[in-house]
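Labels below follow one simple rule: chain letters A, B, ... track the order of the sequence lines, proteins then strands, and each chain is numbered from 1. Side chains included, hydrogens not; waters and symmetry mates left out as well; all remaining heavy atoms used.
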Amino acid sequence: TGCAKKETPENSAGQTVNLPAPKVVKFGVQPSLQPPHIANMKGFFTEIETKYNTKFELISFASGGPENNALAANEISWAQYGMAPAIVGMEKAGGMLVAIDILEQTAIISDKSINTVADLKGKTVAFPGKGSQQYPLMLKALEGAGLKEDDVVLLKMDASNMSTALEKGEISAYIAWDPHTTKAISSGAGKILVKAEEVMPLKEGHYLGEGVVVRKDFADEYPDLTEDIVKAIMKANDYIVDNLSETPALWSKAIGLDESIIKLSLDNNMSVFVKDISPDLEALNPYVKLLNEYGITQISDVDKFLDEHVILDYTKK
Amino acid sequence: MDLIEIKDLSLNYQTDGGASFLALDQINLNVSQGEFICLLGPSGCGKSTLLYTLARQLKPSSGSIKFNGENLANVRDFARNVSIVFQEHALFPWLTVKENIEFPLTSRSLLKAQIHHTSDYYMKMVELEEWKDKKPRQLSGGMKQRVGIARALAMETNLILMDEPFGALDAQTRSMLQEELVSIWKKASKTIVFVTHDITEAIYLADRIVVMDANPGRIKAVLPVSSKRPRDTSSDEFRMLENQIKAMLKKDTNLVDKEEKI
Amino acid sequence: MDLIEIKDLSLNYQTDGGASFLALDQINLNVSQGEFICLLGPSGCGKSTLLYTLARQLKPSSGSIKFNGENLANVRDFARNVSIVFQEHALFPWLTVKENIEFPLTSRSLLKAQIHHTSDYYMKMVELEEWKDKKPRQLSGGMKQRVGIARALAMETNLILMDEPFGALDAQTRSMLQEELVSIWKKASKTIVFVTHDITEAIYLADRIVVMDANPGRIKAVLPVSSKRPRDTSSDEFRMLENQIKAMLKKDTNLVDKEEKI
Amino acid sequence: MKKDLSLVNKTFRSIQKIIPFILAIAFIFIVWQIGAMISNNATLLPGPTVVMKTFLEFIVSGEAIEHTVASLLRIVLAWVLSAFIAIPIGVIMGRIALLEKLLHPVIELIRPISPLAWIPLAVLWFGIGLSGKVFVIVIASLFPILLNTISGIKGVNPILLKAGQSFGFSQLRITTRICLPAAMPTIVTGLRISFGSAWMAIIAAEMVASRSGLGYMINDGMEILRPDIVIMGMVIIGVVGFLFDAVFRHIEKLMGYSL
Amino acid sequence: MKKDLSLVNKTFRSIQKIIPFILAIAFIFIVWQIGAMISNNATLLPGPTVVMKTFLEFIVSGEAIEHTVASLLRIVLAWVLSAFIAIPIGVIMGRIALLEKLLHPVIELIRPISPLAWIPLAVLWFGIGLSGKVFVIVIASLFPILLNTISGIKGVNPILLKAGQSFGFSQLRITTRICLPAAMPTIVTGLRISFGSAWMAIIAAEMVASRSGLGYMINDGMEILRPDIVIMGMVIIGVVGFLFDAVFRHIEKLMGYSL
Ligand SMILES: Nc1ncnc2c1ncn2[C@@H]1O[C@H](COP(=O)(O)OP(=O)(O)OP(=O)(O)O)[C@@H](O)[C@H]1O
Ligand SMILES: Nc1ncnc2c1ncn2[C@@H]1O[C@H](COP(=O)(O)OP(=O)(O)OP(=O)(O)O)[C@@H](O)[C@H]1O
Ligand SMILES: [Mg+2]
Ligand SMILES: [Mg+2]
């Protein structure tokens, strides 16, 4: 802090001097099709860096669990991950949801012999762990088909190994996110059994995929910076929606994923982006209740929970 | 015909550097049936080398060894003809005394009863029946050597080779075992080739002493010991022979001292 | 006044089981300045125990030891009064010959030059100057023992204790070192207490031989050796003493044999 | 009277043996409690009391036992398998110098690679069932047995081999009747170390895909921010690992004596 | 003439020494190629040629070196830190029997817990930066040094201690001037083993949020579906681990000789 800048950035809130900001903004991400990567590649974060005399550091995690760990330890102040880890992060790691920026990315992939979720009865199905958003979705999908958790053999495994297991016929289906879903499709070993939106249409007919969480104390201390970061993510999201054909190259460059897989994912509507990324309470509420019901969270007062942890203002401004 | 006839035997060790070391140079020696031969000499003179060549564990570089008139390399069922008593006993620590003695016999096609009979017989001879179920670690050094001797005897070979079997024992135990060995040798009427660097031991035991010389390993003299057994180590005859051999070895000792093996 | 006065000394080892073992029983012995004493006896008779009690590494259970008229426990700067030569040399493998000899002096407040001077002097005495920069592993067994002796000498103590220093050496090297030790002892005029179980060695070296007996450890006899040095091991006097001691020890040996230490 | 005393002595001494163990646990608990108080972050480092409560819950529900047994079964299986693979190969390598010279670098090249890295290949080759997990554990437990077997066989006192030769024994007989028993103490040490390595690999192995086991419990606890479960898992791993090691050390000691 | 011959001999012998290593690599490549052909799943197990191609790309881009160096720096740092912690503690424990009796169970209780399990606590205590990763590696590399130091100090030939006492040395002097140098070969062995353990823990350590290092490369390769990168990482870990071990063994040998 403490750096006075003469030239005023156009999108600034008016102040020109002494904008409070930490030296480094640590942002947890995953190597998948997340908007913060695009914000980074397109220089939206650089603008903020200049304005606040700070630095962005995108820190990569394999999954939401360790990301929440780091958030709880105050090692990162921002995190982008699946909705279930986001809610766990809100409950336990002092996080606050500021945006829902991916509506889809999860699907149940099955081998060719499975035609409906009901066919999974007695079959082995892989999921990435209880901390993932995929776990409750899987349970919900089963429920919708009249199955209970015990009716299938649920196996926790690393998402990167799921398509191998499917190809080898060791599991009949799995639930995961992109690119692990697209991989089985591109290799021909699997097909989309159901997409998340069919299981839980929560917002505009879509599922709630991923969200952005900021530590509450960060938002309290740096309200302007928080607002600008949310805006940068909104900008990235707009860019993605408007220039869908350009983005694969950008993501590929950012995370190393093969461009063709990204294209396939977008073409299949595996990842769905919309312009409205506000954390919609109405959409979120049933989801939070579901997590509590499944024992993933131990929130005592579900109705109040979201009010305390979601700030609508930033995206609505 | 002598039991062993060694003729012009030489042995070259190939060392790592590609060089070679002449450990035995033109050895000539005959050993007759039932004889007790001691190989005596300073460290490094090739006593063990000669012994293990007789045991067929080393190959001569040149020269010949005949065993019972036959070429040593061609002797069939060698283990039934030659047995060895090693320095530091070489007992198998996981076997009992009895099992150790029977161990060499297990590869022969013998009945269990025969094997037990043989081992019992020789355990009695070396007075170890009481200890037969003990493990080597439960025995004293002298007792271990007696097990080693019993094991060699139980192989019922004509020739027994011994490489400093009493080297690691204290003086008292040592002289006791020397006494015993002579009496066993008489009882069992074996041929023994015995390596030692102890002059007194050699004079006490041997029919003939083969005095060796180092660098290269050669036979310096073969001295018959004619006095009757049991020999009195304080007799004049004994003394004289002792001093004679000492004088013989003195020069070598000085040599060794100057070179200071490193 | 004698240098050492041992009176009614007893020593009990506490064993694990809570039992105790009487290793020294009522030892009485005086050693005068400049004397060469040999402690002789079968294994387990307490020779080392007595020696290490003198070295203050073991505490007497009862009785007293006076050193220069003073109670042993009260002697100040003990390491300047008593030094030890250990069996199997006890050299520090990472130090050179010179460094090994100087090592005990490093904790004294001496100048480097003084230390070098002292070590040079004693290295010369044991004829090791040429080897001073070698590590122990580069030396033969006899040379290692000479380093051990030089180290004890360099501590310039009045009393030197030696625990079977030549036990691990071969006969030739051993007799050579015995000769040297006698000449060094004369030159440096030290008091030496020397442990051995070799009768010949004791007779060759000692002014007086303390013959010990096992179970419990007792002094059986103290025999003066009056013949002039260098002693002739084949002289009649030598023989007689040898036979006398042998007879003395014979009973013990049989005892040990019957009990067969396990 | 004397007997009574020795019994008292014996009891006293076995109590004495357990004391350091109990003190160790007390020590760890105290350090942990202090650590928890300093960190002051119950979401990440709950104190011993919280973990004890979770532990009781897991004991009552049977999960604690279930996960421990599941892990142990996998480990024992993998460990036995490692022994069956490594001992014969080790014996052969120890006996045939040329083979050892050729294969030793292969072992040394593969050994530094953590079991974690093998997970994708484990899934590819052995699937996600028991065999996949066992493969990951075998990767960890194979080498200690193999290396100890080789060094045990190579370290057999040469005089015993000479003796065997002088008995007219065949190479096979020398190998099985002399080398193997003589190398046994070293092999047993290898087996002990190997069990420790296997035990350490359980978390990695149960990343392969599982529904039970201590590794699964820990992984899962991490994901849903239940550090009490994670730490409980760590404590169980520590204690069970300690106990097994103690048993093996005892066996090792007995072996050593008998030789 | 003689000198020439010895030079030829020397070159010949050092070539001879490398031959098994080269054969080992060839052997691994062949097995790998066969494995790839049998698996017949290029997306999961690419053959050596594919990986070599990736490797060349990574060499050209500098990433291969960058990741290797990043990992090595972390490991060396953690390893040095472990040595600085473990050697003094080990020396004290080796000299004071009571302390060893009390602390040994603590060590044995903590030792079986895999570095993986410590990751959440590492993040809590040391963050996701260098220190967090270093902590995880230290967990893996501390114990071999500690245990070897203790056993080295306890194993010092008692006659050397007696000698030191007879020189009138203080306990401190005996510890530093006699015990420490005498235990050095065992400690060096501990350091070697410890480096190996540290190296094996790199994948776990770099699971704690990182942007560089071989462990990161492997973890990331799994996530972004690049098995060629994963296997390249494994190969680099194997080869670098092998080379370091060889260097340490050499040092160990020199140490052994000098004693
Ligand atoms: N395998 C070998 N390679 C090269 N040289 C050897 C080998 N074995 C022995 N020698 C050398 O051959 C010589 C004779 O050795 P040998 O063991 O026969 O002596 P020795 O008379 O038995 O001595 P000691 O009394 O010490 O046992 C020695 O100089 C020794 O260094
Ligand atoms: N620390 C000990 N605890 C119990 N008993 C001991 C201890 N040290 C020695 N002994 C016993 O004390 C007796 C005398 O031992 P010591 O070592 O003095 O004998 P020694 O005459 O030096 O024998 P050697 O010639 O074998 O060295 C022996 O019976 C021995 O078993
Ligand atoms: Mg020999
Ligand atoms: Mg003694």
Once you leave out hydrogens and angles, what donor-acceptor pairs under 3.5 Å do chain D and chain E share?
unit_1: D:Ser39; atom_1: OG; unit_2: E:Trp125; atom_2: NE1; d: 3.1
unit_1: D:Trp125; atom_1: NE1; unit_2: E:Ser39; atom_2: OG; d: 3.1

For this session: Pick whichever of D:Ile119, D:Leu23, D:Leu124 has the most heavy-atom pairs under 4.5 Å with chain E.
Result: D:Leu124

Seminar exercise, completed: Nearest heavy-atom contact between D:Pro112 and E:Gly238 is CG-O, 3.7 Å

For this session: Give, as side chain, backbone, both or neither, the part of E:Met222 having an atom under 4.5 angstrom from any heavy atom of chain D.
Result: side chain

Exercise. Heavy-atom distance under 4.5 Å between the side chains of D:Val230 and E:Leu121, does that happen here?
Worked result: no

Exercise. Which answer fits E:Ile28, side chain, backbone, both or neither, if we ask what part of it has an atom under 4.5 Å from a heavy atom of chain D?
Worked result: side chain

For this session: Using a cut-off of under 4.5 Å on heavy-atom pairs, state which of D:Leu109, D:Ile25, D:Ile237 scores highest against chain E.
Result: D:Leu109

For this session: Report, as yes or no, whether the 6.0 Å neighbourhood of atom CZ on D:Phe248 holds more than 12 heavy atoms from other residues, nucleotides or ligands.
Result: yes

Problem set entry | Heavy-atom pair count under 4.5 Å with chain E, highest-scoring of D:Ile113, D:Ile110, D:Ile107 | D:Ile113

Exercise. So which part of E:Leu116 gets closer than 4.5 Å to some heavy atom of chain D, the side chain, the backbone, both or neither?
Worked result: both

Problem set entry | Atom CG of E:Leu243 with >12 non-hydrogen neighbours under 6.0 angstrom | yes

Problem set entry | For E:Phe242, all residues meeting ring-ring contact (aromatic ring centres under 6.0 Å, His included), sequence neighbours excluded | E:Phe21

Exercise. Among E:Pro105, E:Pro20, E:Ala204, which residue forms the greatest number of heavy-atom pairs with chain D at distances under 4.5 Å?
Worked result: E:Pro105

Problem set entry | E:Leu45 versus chain D, the contacting section by heavy-atom distance below 4.5 Å | both

Problem set entry | Heavy-atom proximity to chain D below 4.5 Å, by part of E:Ala246 | neither

